[in-house]
Amino acid sequence: MIYLDHNATTPADPRVVKKMLPYFSEKYGNPSSVHSFGQEARAAIEEARHHIATLMHCHEKEIIFTSGGTEANNLAIRGTLEATKKKGRHLVTSSIEHHAVLNVFKRLEKEGYEVTFLPVNSDGRIEIQTLAEALRPDTVLVSVMTANNESGVMEPIEEIGFLLHERGILFHTDAVQAVGKIPLDCSSLPIDLLSASAHKFGGPKGAGFVYCRKNIRINPQIVGGHHEKGRRAGTENVPCIIGMGKAAEIAHQEINKEVFRIGALRDKLEEGILKSIPEVRIVSKNVLRLYNTSLVLVKYVEGEAMLLNLDFEGIEVSSGSACTSGSLEPSHVLLACGYPHEDAHGSIRFSLGKTNTEEEINTVLEVFPRVVEKLRKMSPFKAQSLT
Amino acid sequence: MIYLDHNATTPADPRVVKKMLPYFSEKYGNPSSVHSFGQEARAAIEEARHHIATLMHCHEKEIIFTSGGTEANNLAIRGTLEATKKKGRHLVTSSIEHHAVLNVFKRLEKEGYEVTFLPVNSDGRIEIQTLAEALRPDTVLVSVMTANNESGVMEPIEEIGFLLHERGILFHTDAVQAVGKIPLDCSSLPIDLLSASAHKFGGPKGAGFVYCRKNIRINPQIVGGHHEKGRRAGTENVPCIIGMGKAAEIAHQEINKEVFRIGALRDKLEEGILKSIPEVRIVSKNVLRLYNTSLVLVKYVEGEAMLLNLDFEGIEVSSGSACTSGSLEPSHVLLACGYPHEDAHGSIRFSLGKTNTEEEINTVLEVFPRVVEKLRKMSPFKAQSLT
Amino acid sequence: MYSQKVLDHFRNPRNVGRMDNPDGVGKVGNPVCGDVMVMYLKIKNDIIEDAMFETFGCGAAIATSSIATELIKGKPIHEAQNITNKAVVEALDGLPPAKMHCSVLAEEAVKSAIEDYEKKRNEGEGKPAESA
Amino acid sequence: MYSQKVLDHFRNPRNVGRMDNPDGVGKVGNPVCGDVMVMYLKIKNDIIEDAMFETFGCGAAIATSSIATELIKGKPIHEAQNITNKAVVEALDGLPPAKMHCSVLAEEAVKSAIEDYEKKRNEGEGKPAESA
Ligand SMILES: Cc1ncc(COP(=O)(O)O)c(C=O)c1O
Ligand SMILES: Cc1ncc(COP(=O)(O)O)c(C=O)c1O
């Protein structure tokens, strides 16, 4: 199998699993238990918190563990809105957010907030000017993702943050696709809240976190015991949190090593595709993007059909976002960038990771053109005929 | 180590861990991915759902996966209140619920609901008559736990359910301490919603579920992608869900084997304590209780002091509920049963599990009286002198 | 997600391609929605002698097109006309709920191609040959 | 949760027990709250010659009682009187936030025992011996 779907999920690093393993059946204590057996588990999750704080350049107290990226987004956004003293009913987000952010805002809209869903330019980026014009005196919170899961496009979170902090508006960023892939320094970035998910950077599914800047009040969304300093109730998922900590430690040490190797493979893939397949384009090719992501638009064929054919050949990719599967809508991200529906239907996302090799990319470059050709033969649309 | 704190958490059964293991780094696909690698993970979590549905005697569609028992309680209670068409602002729960239920109701109270916290009798049980009198025409939901985590006392959920269903009131039960320990048949029990947590019955931390009876509407509390049929968003915790499925399968097959063995050990422990230590009592000794739980009140000494001394001797127990540690309040459960504060401070909970042996109980019966004696020597209160 | 039957018809679609001089052509769907099916029929003595398709769409769209051509080949047109999306779904051992619309599209493609054939025939019958 | 020092003093409390004929006794706390400390002092020439305690309470309550007796033994009463809960906490290498009140209790127990001693002494000085 050639796995090129790392933005959907990544394998847990074997070192991560090794570190988790003793906590299932041996050191299985409840971190809330007073006895030494429970305190051993407590110490282990606090060590994990330390690794995450190190990766994020923040204080341990600023990290709140959750069950994943989706919960992290829900907690960061709703939790601070409930707790903030600044009253106001206006919120801003972008139209290319993941559903785990978009649907939080849609829910808030139903509850009476006014939400501006900012457009992006044709490169898929928020323009600062557009944001500045959208702000109102009663804007309380803005959420813009660090990097887009489909196209890999990086949003200008630093400029956004400075603008918002001047005006005293809370700033949240969904960094699920960025954490562990690129360095992020919360001590210098003008960010109040950030969400992340372990399974996107070599950790296990079932753990994520919110970075919540010191002195920012946040209400728990899951209530119960006094876990996570009263910010998220429920017995901690000890093994998965420990796994996330190890993944953070590894990412912190190895981020720089991988960027160039994976980036070169991605570039080779894109060049090969552009060379061997007519009428394709790479979304946001010349914009600051994640080095591992390539979103390809192929004319006259549909994304899922390409995906399944690649799957038959042992190549695993995604068409649009895995998390919206079951939906018939073409990618909302591509539509927001201004691509017409018919083009948006023909998207394939390649997302690379640590284990990918040059040989694998060569195989893809051999198989993918064949797949496109086969499907184009079936297609009622031929070159230049799609209207 | 002699682990007698199974109500706080249990070791994951080695068969559970074995079943989980391939899903971290080998079959790590995202169940939402369309490709066959993702669908393999999808099939595995649906198999887990099947095992849980078998254990609970319900339909697979009635099971919603969560990250644990606390989240399950939050989702079951808030989710149905948001979705129910029956309008009404009155809710009922008991005063001996776990904080994961109590605090949900306290939050709802702040949001404008009126909540009746039902008293229990001196045995720690809800009396049907008391409940019947508390109901109002605008009562929409009642939540009473199946078995109490501190005392093990079983509440009369069957009678409660029948009464509520006659009146068209939703009934939720927090069965976190019951599922996997005693058989529960959702096809015949008059229950609409039930919460459970994997790590309390041999599964891993990080997974739980809500049983939500067919046709009962429930709003997601974590929104995002269309996971769990739109009832709980977020990439599924594949390994932990699979582990919970395996734990359910094992529980279904082995429940009957363990009940009598563990029950006999618990009874031996209680008899031994009563015989060797003066001025102790077993809470709700003659009431229907979980066969694995024993809550002991020891006069003139404080619970944590006993717990730590037992810990020094390698015996792990709890004083009151582990999840309220950090709190200075004595157990709210004991206070609700009418025990005076000074007695409630002196509680120790022994909760047994599969791996416990008779030898271990013998050791406890040797050590525990010594610990009590040592602490009583330090105590300013002596027999009959506590006022 | 997909049955083995769907995957088989998707992987090895039967009767795929553009037909020369078809007697009836049905084009349904719309690229904006992500599915377009074109069905070509060769008909002799009211029997469907051959059927071919071209489809732009997902796995289910291609599989339903393929199975639909199989279902109608050799059938009299009055039978083929009664094809239902249910029959298409059954022949594929089921479809995921989100993909049911593809089977409707396949039904419509067949009906539209037969309609086209009948329209042409009626025109041919009513008018002198040279006007065709 | 607890430092090694706390665990040591809890496990092997120093100066535990009831004292015969103490010169001063301080009893603080209340069983409803879960902590009661009784501090016994033997005092000669304004020097604390011996200190003992009895405590009903958690690990921290017992450890703070124990360390407090150590801190004041051999000290002149005017020094012992200035004992602070902070000094108690420091001598134990810290306490969890939820247990800070125990150190306050220890401070109060010492002060209350010294007060008791001084009250008795004043009574003894001011009145004839037989009325004591
Ligand atoms: C940008 C982004 N945000 C949020 C999420 C949700 O994270 P999780 O799957 O951990 O719930 C994802 C991935 O699914 C994502 O790509
Ligand atoms: C009765 C009861 N309900 C809920 C919970 C919370 O479950 P979890 O620890 O999985 O969040 C517990 C245990 O902590 C419990 O004993």
Quick one: does [X]'s side chain have a donor or acceptor within less than 3.5 Å of a partner on [Y]'s backbone?
X        : Y       : answer
B:Ser25  : A:Ala12 : yes
B:Asp311 : A:Ser36 : yes
B:Asn30  : A:Ala8  : yes
B:Asn237 : A:Ser67 : no

Residue part contacting chain B, namely of A:Leu21, when any heavy atom lies under 4.5 Å: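 It is the side chain, since no backbone atom gets that close.
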Proximity breakdown for [X] and chain A, heavy-atom pairs closer than 4.5 Å:
X        : result
B:Thr66  : neither
B:Val101 : neither
B:Val223 : both

Would you tabulate the side-chain donor-acceptor contacts of residues 102-110 of chain B under 3.5 Å, counting partners in other chains and residues two or more places apart, or write 'none'?
from: B:Asn103; atom 1: ND2; to: A:Gly224; atom 2: O; distance (Å): 2.6
from: B:Arg107; atom 1: NH1; to: A:Gln221; atom 2: O; distance (Å): 3.3
from: B:Arg107; atom 1: NH2; to: A:Glu82; atom 2: OE2; distance (Å): 3.2

Nearest non-hydrogen partners of A:Lys205 and B:Tyr28, listed with the distance: NZ-O, 2.7 Å
Closest approach of A:Cys240 to B:Cys240 (non-hydrogen atoms, all atoms of both residues): SG-SG, 4.1 Å
Side-chain H-bond candidate by donor/acceptor type, B:Arg232 with A:Thr70, under 3.5 Å: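 No, because no side-chain N or O of B:Arg232 sits under 3.5 Å from a partner of the opposite role on A:Thr70.
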Ring geometry between B:His35 and A:Tyr3 (parallel below 30°, tilted from 30 to 60°, perpendicular above 60°): perpendicular
Heavy-atom pairs under 4.5 Å with chain B, option from A:Pro11, A:Gly234, A:Gly202 with the top count: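 Counting heavy-atom pairs under 4.5 Å, the top option is A:Pro11.
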Pick from A:Lys27, A:Met20, A:Glu71 with the largest number of heavy-atom pairs that fall under 4.5 Å of chain B: A:Glu71
